[in-house]
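Shown next, in structure tokens, is the structure this report addresses.
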Amino acid sequence: MAKWSAKVWVVIGVVALALIVLVAVLAGVEGKSRKLFLLTLMNGLTLGALYFLVASGFTMVFGLMRNVNLAHGSLFLLGAYIGYEVAEITGSWYLGVAAGFLSMAVAGLVLQIFVFRHMQGQDLRQTMVTIGISIVLADVMLAVWGGTTYQFEPPDWLFGASTLPIVTGHRSSGAAVFLKYPTYRLVLLASAIVIGVALWLFLHRTRVGMMIRAGVDDRAMLQASGINVQLVFAITFAIGAGLAGLAGVVGGTALSIAPGEDVRYLLASLIVVIVGGMGSVTGAAIGALLIGLAEQFGLAYMPTYGVVLTFLIMVAVLAFRPQGIMGRAA
Amino acid sequence: MTISSASDLEQPRLPSLPVKPWQILVLLLLIVYPLMVPDFWRLQVGAYALILGVIALSLTFLAGYGGMVSLAQMTVAGVAGYAVAIFGVNSAALGLGWPWWVTIPLSLAVATLFATLTGWLSVRTAGIYTIMITLAIAVAFFYLVRQNYVIFNGFTGFAGLAPPPVFGLDWRAPLPFYYLSLGVAGICFAAVVYMSRSTMGVALQGIRDNPRRMAALGFNVRAHRIAAYALAGLIAALGGILLVWFNGRISPGSVGVDRVIDILVIAVIGGLRHPTGAFLGAIVFVLLENFAIDLIDRERFNTVIGIAFLAIVFFSPDGLLGLWDKASRASRTLAGATKDWNGR
């Protein structure tokens, strides 16, 4: 319990620090630069939300099965393409989202049952297999969907921009100017929070979640207590892969889908999980926020060195806390 | 996590020092080979396979003897290539134009330093984390060179890169370039074989098998691992410079994730247990790349190589060398017990 409360203090400390910085910066600037800052902040938050959706599945699978699924980015992209096709045929964006989740959940199940179960405990071999799968999948996807960029059409109520109750400046008449932001991205942010909380509740308040957490800590002991570990693995893999597919459709709507996106989201997942700590959903949330913000602020304020900022965060974490912010020493 | 990738790899056999007749035969064959074939086979197949082999060799050394699977080896080669372009002469008129005897050692030093830093970062965690961290480094470098125009000239990269005319020879010509590549590959190969038998090499293999015991014996585990990264980095850098001369250009695509994975594919297809594997894998890879066009659509090369890679990982984790061993063992004894990936 003492360890847990220490973690909580770390989280509170980080959030408090971020708020202080935010208020300090906002108090200092007004007008254009304030608007740029706020927009960058919102972009960072929504990108972080998207990264969280992708990385939470990655971290769960890794934490439980010690399986670094380097095909996770491919699952993201494949889910997006399948979701796109379904949305095109049925004309319903919601069905597209569901298809993205379900198709990849099934793909994850198939992978777990037909591939990874046969090489249990052989980390390196499993990882190599996922690399092989991602090579083949990327090529097959290129063959089927080509090099064009696809764009989803979200439902009407998600279209357009919303006005946020945040003042960016004042007109000469004295009327306050409020910040406008795309509605869809706000919904993305909200749904990531809902999914994150649901995932947390699932892991911490349900029986299956308890089994998964026990498996992360001690797989052999869980098996010895009479739990069907294979079933737990299959469920975890299905949820993890499904989340990647879901993120594919949701993220593809916010940005776009094209070949190469698989690598981008794989990199994001890797860094988020290295920074946040393996196997921790809370860690993934913190890591995703940090990386999303770093990427957007890097893009806005030092355009050609944006990646360096992301990378420096990873280096700093590895230097001072090799197991990640919320990770436990292996 | 201390037992992950270290024990996943089978222990390489110590290469026996007395040179066997067939080894001399192979060497002679490599020397006379370019005299018997047209330019395409000298350059696009021979020299290219040797260069990829050198870069893959750096991974074989790290993974086979050090138990550390680094995906950043192509990136180290790319750093060397970019350094050659930036310090030396290139057609984008962005190079500093320094003479080759400054550029080459400097590029090697920069790339080795980069490799050492990569090692310093990745040895902070163990086992499977290494793959993740080195992959993250590789992809981050790719995005950096693609979006940075001030230093790396962004998406375009650099062109017009050629070996310097030393001793009045045009090293870009197929025959000299083949022998240059063969010379570098031979030196690197010999260095790795020698290394594996040296005190440091044996200590490294001990660390791969049981880091805790080696630490208890008084060996500095981290220093050995970082030194291995530095040496592998130097080898990769040599390969990287040759590669940039071979291509005549370097761009973000040269250090893209496909290329990074290609090196892993080459090393694994050949077999991580012995330095020979890197070159064997490179030959197979280059032949597939050049002639898969006759079997299937050129565009689908990645599917072919991906499936070949999967097949090797599934059925012969020790690569083609492992297949060879299995075959020769089976021919010697019918009850040849084969080992799986974990040596069980």
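Note: hydrogens, waters and symmetry copies are ignored here, and every other heavy atom, side chains too, is used.
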(Q) Is B/Ile307 in contact with chain A via its backbone, its side chain, both, or neither, using a 4.5 Å heavy-atom distance? (A) both
**Q.** Per-residue contact mode, A/Leu137 against chain B (heavy atom under 4.5 angstrom)
**A.** neither
Q.
Counting only non-hydrogen atoms closer than 4.5 Å, does B/Phe152 touch chain A with its backbone (N, CA, C, O), its side chain (CB onward), both, or neither?
A. neither
Q) Are more than 12 heavy atoms from other residues, nucleotides or ligands located less than 6.0 Å from atom CZ of B/Arg213? A) no
Q: Using non-hydrogen atoms and a 4.5 Å limit, figure out which bit of A/Ile274 sits close to chain B: side chain, backbone, both or neither.
A: side chain
**Q.** Within-4.5 Å side-chain heavy-atom neighbours: B/Ile133 and A/Met314
**A.** yes
Q. So which residues of residues 137-147 of chain B are in contact with chain A at a heavy-atom cut-off of under 4.5 Å?
A. B/Ile137, B/Val139, B/Ala140, B/Tyr143, B/Leu144, B/Gln147
Q: Measure the CG-CG distance between B/Leu135 and A/Leu266 for me, rounded to the nearest 0.5 Å.
A: 5.5 Å
Cut-off 3.5 Å, no hydrogens considered: what does the side-chain donor-acceptor table look like for residues 260-270 of chain B, sequence neighbours left out?
unit_1   : atom_1 : unit_2   : atom_2 : d
B/Asp262 : OD2    : B/Arg259 : NE     : 3.4
B/Asp262 : OD2    : B/Arg259 : NH2    : 2.8

Q | Sub-4.5 Å side-chain heavy-atom contact between A/Leu70 and B/Ile131 | A | yes
Q: Considering non-hydrogen atoms only, spot the tightest contact between A/Arg125 and B/Phe314 and give its length.
A: NH2-O, 2.6 Å
Q) Does A/Phe311 have any ring-ring contact (aromatic ring centres under 6.0 Å, His included) partners at least two apart in sequence or in another chain, and if so, which? A) none
Q. Quick one: salt bridge (charged side-chain N to carboxylate O under 4.0 Å, His left out) partners of B/Asp258, sequence neighbours excluded?
A. none
